[in-house]
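Structure first, then comments.
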Amino acid sequence: MGMDPPSSSSSSYSRRFEHTGNLHDIDRAISHHQSAVESTSSGHANLPTCFSNLGNSYLCRFEHTGDLQDIDRAISYHQSAVESTPSGHVDLPSWFNSLGSSYARRFERTGDLQDIDHAISHHQSAVKCTASGHPDLPSWFNNLGNSYTRRFECTGNLQDIDCAISHHQSAVESTPSSHPDLPSRISNLASSYTRRYECTGDLQDVEHAISHHQSAVKSTPSSHANLPSHFSNLGNLYTRRFERTGDLQDIDHAISYHQSAVESTPPGNANLLGCFKNLGRSYQLRFQCTHHLPDVQNSIASYRRAAEANGTPSIRLESARLAAVLSSVHDDSRCLTDFALAISLLSEVAGSEQPIHRHRANLHGHYDLVGSAVSTALHCDKADLALEWLERGRCLVWNQLNQLRTPIDNLCIISPSLADHFIKVASALESYATRSALSIPSSHTTHALHATEYRQLLKEIRGLPGFHNFLQPPKATDLLSSLPSDGPVIIFNIHNTQCDALAVIAGIDEPLHIPLENFSLVQAEQLQKALQFDLLKQREVKDGDRAVRRYFRDPPSMSFVLRELWCKVVQPVLEALAYSYHSDPSNRSRIWWCPTGPLAFLPLHAAGIYGSAYQPGSCVSDFVVSSYTPTVRSLNDKFLASSTSSRCTSLVLVSQPNTPGLSTIPSARKEVHALQELMKGTAVDTLLLEDDKATREKVKAEIKSRSWVHFACHGVQDVHQPLESGLCLHDGRLELLEIMKQQIPKLDLAFLPTCQTSKGDLKLSEEVVHFPAGMLAAGYRGVVGTMWSISDMHGPEFATEFYQYLLREKGLEGLDSTQAAYALDYATRKVRESLGESDTAFLTWVPYVHFGY
């Protein structure tokens, strides 16, 4: 659905810009038209035309750059053209139309209903002051109909779509039968009927829409570029009527028209992707009704053609997913190939040319793909492939950011100029990626060009001898060869068909597949709900807790959640690893949990049977010291970094017991002062930032110069924008996105005893978007965080025991971050001894977790 172009003249620069897309041309055109406006006296007959030309040039630039200032100026100058034109002037309808079109364009960008109201008003003015029979009147009718359609799509007001149909009908009726725009106007009329059908379900609207789209097809020349879209529209309508009526003739017609759309679309055209996808869906629908095997074979073939075509990555991904799902049932020989293509497209859908908050939005709706692919790979006894797909399909946000920061020392030696070019482009992309969702938009086109240039540079670098794997996703052999030797990594795949764990162990060249035969996705979701929505949200968060105060009913039993996790998830893993109970805690090895799906929100590290039913060897801490990692590759990187690190001798303590606007947390002051006293007489240089000294800029500056940071303050988990979650300091929130922007070498550990710092995005668990993961992405080798709000009363005890262990076990010459998991395990045991084993006690010690190495 497009607006007819405003009927105004353009300069040669504007025309050249339309052909070349060179911004210098449109900049010159704007300058030229600006000079014309300034040199034309008020009241001169040519002034409205000058205003209009200048407005059109700004509109052209806006459509290329997306800069809202350009569309604001376009509206302003089109308004000036209208206001400076006498009533009854022959050009006034054109100026009204241009002004309405500019408002419509801004509405498309901002969604501000006032803009589309203005657009409708000005398009109505263009219609009203144009004589019947005027050659421009059909265009004004068409644009008015489009504006009503846009408003209907936003408000759902049936009067708007009724008006759209009426004006599109007028546009069609007033357009000569031989006019080249007639087919597109008929198509707009049909589309309006389609939108009304979607709202009302009235089959008569579908009949009208089909009839008009058939007319559009008949009136379009066989070689016209719009013919494939008319075929597609007609095919989609027949598909919709089939879904409503079940009439097989309708789906037969749909297949026929979608086939025509494919055949009439030139090879390589970006629209071919959608044509193949539509054809695949039509065949799939007919197969579901007839169970005729050639239909599902044709559906799979069409989806594959769509997935392999040029075009929008998200549509390619969805097509690849559909092909994989169908082929896993009907074409075993190629289903792994289909899943492999789908997994490879995930990173394209995330989009390196977009800011990180858009990466996440782009991934919504695709969260189940990785689970399906991994389940299929495991069913085919391809544990190594399952591992690669789990790594490649998860944490895309962090993986892409880390890729932009990858050291390229070897490339600098082989080709310094290419390395320098690559660094500059990667830095530009990273700067754009880590912008806030609220930041002023810059030119998306510029960053899209950087993304294209980045991909071209990767291709060039991979063509160099010895660089064919440059920044490629790691193979299973690479992951297995770089593991730490002090414990396995356990990766979970929780899917509706089966639940599995993969154990990757140093020195073993293949992942160990551990089926979780007594566990299901439904059970995982029930446990998540019991914890997240019943137990935690219904407990009373007392004054002084490091979270917002709430009052709810008594919580259900926490011991039930921990018992279920032990019996159905953790114990089967430990038994498969042949682990035995250690009466001496110092003999325990480490283990890293890498949960997915609902398990990402459940405390695997605390799984066990507690209370009177406890027996030695019935909880996870009897066997191992637990940590978490977002991915295997992340752990390998942190392990490698730790091998070259020395003990930390610089610590910054950040305390905010009286955050403006939030409840007081008096124990925060006690906590940091106790730690400051504890560090006296050691080699650790300690800086305390407290109250008004703990500002965002000061904290960011100090964590760049000191490798260990300890926070004692409020935290905020933003469930809608997790990247804007943050730590509450004296002058505002230090957001996760701000910390991610830091590129700091040789960071040791961040201790984050705050509210829900390791609780991620409920809608996108595979992305592990929470504070510890962000700190790891910023460069910290290890992070201590909490899964939910902690008791202010016990925070100092945890912190003191944690640091006393590090100083006692490793001497006074510094802090060793590689011992942080052991220190947290020790602190937890000490606190548990004083708390007992009530549900209240569980809520105090269970949330503490360690991430990294």
Side-chain angles (χ1 to χ4, degrees), residues 17 20-27 61 64-67 268 270 310-313 316 344-359 362 391-392 395-436 439-475 478 633-634 636-637 640-641 704 737-738 740-747 777-779:
F17 169 73
T20 66
N22 189 326
L23 280 173
H24 291 300
D25 286 332
I26 196 63
D27 291 343
R61 192 166 73 179
H64 192 75
T65 67
D67 189 335
N310 296 322
T312 307
R316 293 183 62 206
S344 71
L345 288 169
L346 274 172
S347 59
E348 287 192 42
V349 170
S352 59
E353 69 273 19
Q354 299 185 43
I356 285 176
H357 67 272
R358 285 301 311 162
H359 291 203
N362 293 345
E391 284 290 294
R392 189 168 186 178
C395 299
L396 292 168
V397 168
W398 306 131
N399 288 343
Q400 288 192 349
L401 183 63
N402 289 333
Q403 188 179 58
L404 296 174
R405 296 176 171 181
T406 299
I408 53 172
D409 298 343
N410 291 338
L411 182 62
C412 291
I413 296 172
I414 300 298
S415 179
S417 60
L418 186 59
D420 183 61
H421 190 187
F422 180 82
I423 290 171
K424 288 179 180 177
V425 173
S427 297
L429 280 174
E430 185 191 347
S431 175
Y432 185 69
T434 53
R435 295 184 315 156
S436 166
S439 62
I440 298 174
S442 60
S443 170
H444 174 76
T445 302
T446 300
H447 295 285
L449 292 173
H450 278 144
T452 300
E453 188 176 10
Y454 180 80
R455 288 190 287 269
Q456 292 172 341
L457 284 169
L458 283 178
K459 184 177 180 180
E460 183 178 352
I461 293 169
R462 289 167 183 167
L464 296 175
F467 283 84
H468 62 283
N469 286 326
F470 181 75
L471 295 187
Q472 293 278 22
K475 295 291 186 182
D478 300 323
R633 187 175 187 176
S634 171
N636 289 348
D637 290 343
L640 178 63
K704 282 185 176 181
L737 196 59
E738 279 297 303
M740 283 171 49
K741 291 180 183 179
Q742 311 300 309
Q743 295 190 50
I744 318 165
K746 299 181 180 179
L747 290 176

About how many Å separate [atom2] of [Y] and [atom1] of [X], when rounded to the nearest 0.5 Å?
| X | Y | atom1 | atom2 | value |
| --- | --- | --- | --- | --- |
| Leu457 | His421 | CG | NE2 | 5.0 Å |
| Phe422 | Ser415 | CZ | OG | 12.0 Å |
| Leu747 | Lys704 | CG | NZ | 11.0 Å |
| Phe467 | Leu458 | CZ | CG | 12.5 Å |
| Ile461 | Phe470 | CD1 | CZ | 4.5 Å |

Write down the atom of Gln472, the atom of Arg633, and the distance for their closest heavy-atom approach.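 Shortest heavy-atom contact: O-NH1, 4.2 Å.
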Quick check: closest heavy atoms across Arg316 and Gly311, and the distance to 0.1 Å?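 Nearest heavy atoms, Arg316 then Gly311: CD-O, 3.9 Å.
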Run the salt bridge (charged side-chain N to carboxylate O under 4.0 Å, His left out) test against Lys475 and tell me which residues pass, sequence neighbours left out.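 Testing Lys475 for salt bridge (charged side-chain N to carboxylate O under 4.0 Å, His left out), a comparison that skips the adjacent residues, returns none.
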Sequence neighbours left out, what passes salt bridge (charged side-chain N to carboxylate O under 4.0 Å, His left out) with Asp478? Give chain and number order.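 If we apply the salt bridge (charged side-chain N to carboxylate O under 4.0 Å, His left out) test to Asp478, skipping adjacent residues, there are no hits.
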Exam field: side chain Glu453 to backbone Val425, donor-acceptor pair closer than 3.5 Å: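 Side chain of Glu453 to backbone of Val425, a donor-acceptor pair under 3.5 Å: no, none is there.
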Asp67/Arg61 under side chain to side chain contact (heavy atoms under 4.5 Å, CB included): CA gap, chis, key distance, verdict: CA-CA 8 Å; Asp67 189 335; Arg61 192 166 73 179; over 6 Å; no
Does any non-hydrogen side-chain atom of Arg392 lie less than 4.5 Å from one of Leu346?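 The answer is no; the side chains never approach within 4.5 Å.
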